[in-house]
Amino acid sequence: MKILAIETSCDDTCAAVLENDRVISNVISSQTDLHKDWGGVVPDIAKRAHQARILPVIMTALKRSQSLSPSGHLPLTRERKTLEYYMKSVDVIAVTKGPGLAIALGVGVKTACELAIKYNKKLVAVNHVEGHILSNLVKNSKGLPEREIELPAICLTVSGGHTKIVLLEKGDHKGTPLQKYTVVGETLDDAAGEALDKAAKLLGLGYPGGPVIERLAMQAGANNNLFELPKPLADKKVLDYSFSGLKTSFYYKIKDWSIEEKNKNLASLAATFQESVFNTLIRKFDLAIDKYEPKTIMASGGVLANMMLRKKLRALARKKKLLIYMPAKIWLNTDNAAMIGRVGWELAKRKEWSDPETLDRDPRLNF
Ligand code: KG4
Ligand code: ZN
């Protein structure tokens, strides 16, 4: 089954082509340059950029899916072909319905519906958070990595918009064991990525903050404990997160520091905040593993691009003597359409079609 997947929930315009669970091509047009001067994503700028880029991004993904040599690199033809030509080989269109930025989601959903109507294709509507979870199961064009999730499994998904611990159990549908999800813990306020972005802004480091904080924290090395920050929701029975208090406490710690003092300690300030966010993530995930006794643990989302967090998660898995899966490629952690196509494949196998005449975005779509 050939799936064309579309993702526009925030500030990346993405399209991918999959053959079942294998990614044949994947295109991400990042808008970071457009938003960074504003210190965050500006919805209207995102919408206009998605509108300008969505069709070229889709066209590039479709072209690449057909013009790669068996080695996956060399184009075999330079012939010009139309969108209509490429759409002939597509069976299903998968699109992110939500959650996300309303007017950004709208561009992807509208485009997907128009294509489905014009070229008479089946349409499936995907939850972005499920996309992040199943990003762990996306394979390359050669079918690698081969991964089996033994259920029950538990997944920590950490991005700029979400921080959730999700339990995966056997569902009722034949052949699709992954569709029973239960959120067992989640942030009550800011997402972890959002907290990193806000701390970076406070330190004058620009947007997005996660990658800059990571670079500085690497320079600081073991110098990551300049001062104590609170341990939010310390009660061991609570599996939820809270990051806004951490951010406020960080703000008050350095409020009266001079610019020189902040600059001199920039790397260890970044490392101190990052360490505290990551230890919070690990602490609750550790408790959730003890409570639900999963056979597999997984993690995903934009913040998983961070090497320190990956290291801490691998150490936790060793401690628990469990297998841990994390997305196989760094680009699979941050927003992409390949993960949307992977969920789309599950929905298509179950024939959970959406009507392109009525499908609408849902910025607050629950999980
Ligand atoms: O998954 P994602 O691309 O979009 C959402 O669904 O939110 O995640 C974006 C978030 C941002 O908060 C960004 O700062 C964070 O992921 N991020 C990182 C790193 N790369 C991206 N955080 C820490 N370290 C990184 N290397
Ligand atoms: Zn995301």
Side-chain angles (χ1 to χ4, degrees), residues 1-35 41 45-69 71-96 100-101 104-116 119 121 123-124 126 128 131-132 134-135 138-142 159 208 302 305 327-345:
M1 183 191 305
K2 197 167 206 181
I3 302 157
L4 167 67
I6 299 169
E7 148 68 40
T8 62
S9 69
C10 190
D11 61 343
D12 293 307
T13 316
C14 315
V17 176
L18 287 83
E19 184 67 48
N20 297 341
D21 55 353
R22 297 182 180 200
V23 190
I24 312 299
S25 67
N26 182 61
V27 179
I28 300 171
S29 173
S30 164
Q31 300 174 11
T32 303
D33 281 351
L34 301 179
H35 300 287
V41 178
I45 294 178
K47 177 189 168 186
R48 273 182 279 136
H50 283 312
Q51 282 171 332
R53 295 174 185 193
I54 189 72
L55 282 176
V57 164
I58 289 174
M59 191 65 180
T60 308
L62 287 167
K63 261 188 207 168
R64 286 189 189 162
S65 75
Q66 295 206 343
S67 62
L68 295 184
S69 71
S71 67
H73 292 294
L74 300 171
L76 295 177
T77 171
R78 292 196 176 278
E79 216 178 310
R80 278 179 172 269
K81 304 231 169 74
T82 59
L83 181 58
E84 188 176 1
Y85 167 84
Y86 289 113
M87 286 303 295
K88 275 189 194 133
S89 63
V90 171
D91 301 301
V92 175
I93 299 173
V95 65
T96 307
L101 212 55
L105 285 165
V107 179
V109 170
K110 184 166 176 279
T111 308
C113 292
E114 283 171 0
L115 291 176
Y119 298 110
K121 302 293 171 188
L123 180 69
V124 286
V126 175
H128 183 82
H132 274 301
L134 292 204
S135 65
V138 173
K139 294 177 178 161
N140 69 14
S141 59
K142 299 186 182 72
S159 71
K329 298 275 176 214
I330 289 301
W331 62 262
L332 269 170
N333 294 287
T334 43
D335 288 348
N336 65 85
M339 66 185 194
I340 302 304
R342 180 61 183 78
V343 178
W345 185 51

Locate the shortest heavy-atom distance separating [X] from [Y]; write the atom from each residue and the value.
X    : Y    : answer
H132 : S159 : NE2-CB, 4.3 Å
K2   : S65  : NZ-OG, 3.9 Å
H50  : D12  : CE1-O, 3.3 Å
A16  : A337 : N-CB, 3.6 Å
A104 : C10  : CB-O, 3.7 Å
G108 : T8   : N-OG1, 3.1 Å

State the [atom1]-[atom2] distance between [X] and [Y], to the nearest 0.5 angstrom.
X    : Y    : atom1 : atom2 : answer
T111 : L55  : OG1   : CG    : 6.0 Å
R48  : L34  : CZ    : CG    : 10.0 Å
D21  : I3   : CG    : CD1   : 8.5 Å
C14  : W331 : SG    : CH2   : 10.0 Å
I24  : Q66  : CD1   : CD    : 10.5 Å
M339 : L134 : CE    : CG    : 10.0 Å

Side chains of [X] and [Y]: closer than 4.5 Å at any heavy-atom pair?
X    : Y    : value
P208 : T32  : yes
L62  : V17  : yes
L105 : T96  : yes
D335 : H128 : yes
L115 : L4   : yes
L83  : Y119 : yes
R53  : Q31  : yes
W345 : L18  : no

Any residue meeting salt bridge (charged side-chain N to carboxylate O under 4.0 Å, His left out) with K47, in chain and number order, not counting sequence neighbours
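K47: no salt bridge (charged side-chain N to carboxylate O under 4.0 Å, His left out) contacts found.
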
Looking at residues at least two apart in the chain, or sitting in another chain, which of them share a salt bridge (charged side-chain N to carboxylate O under 4.0 Å, His left out) with K121?
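Expected list: none.
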
Please enumerate all residues that pass side-chain hydrogen bond (donor to acceptor under 3.5 Å, both in side chains) together with S135, with sequence neighbours excluded.
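Applying side-chain hydrogen bond (donor to acceptor under 3.5 Å, both in side chains) to S135 gives none.
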
Are K110 and E114 close enough for a salt bridge, meaning some N to O gap below 4.0 Å?
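Salt bridge: yes.
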
Residue of the set T334, I330, N336 for which side chain to side chain contact (heavy atoms under 4.5 Å, CB included) holds with L332:
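The single option meeting the side chain to side chain contact (heavy atoms under 4.5 Å, CB included) with L332 is N336.
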
Under 3.5 Å, is there a donor on one side chain and an acceptor on the other for S9 and E7?
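Yes - a donor-acceptor pair under 3.5 Å links their side chains.
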
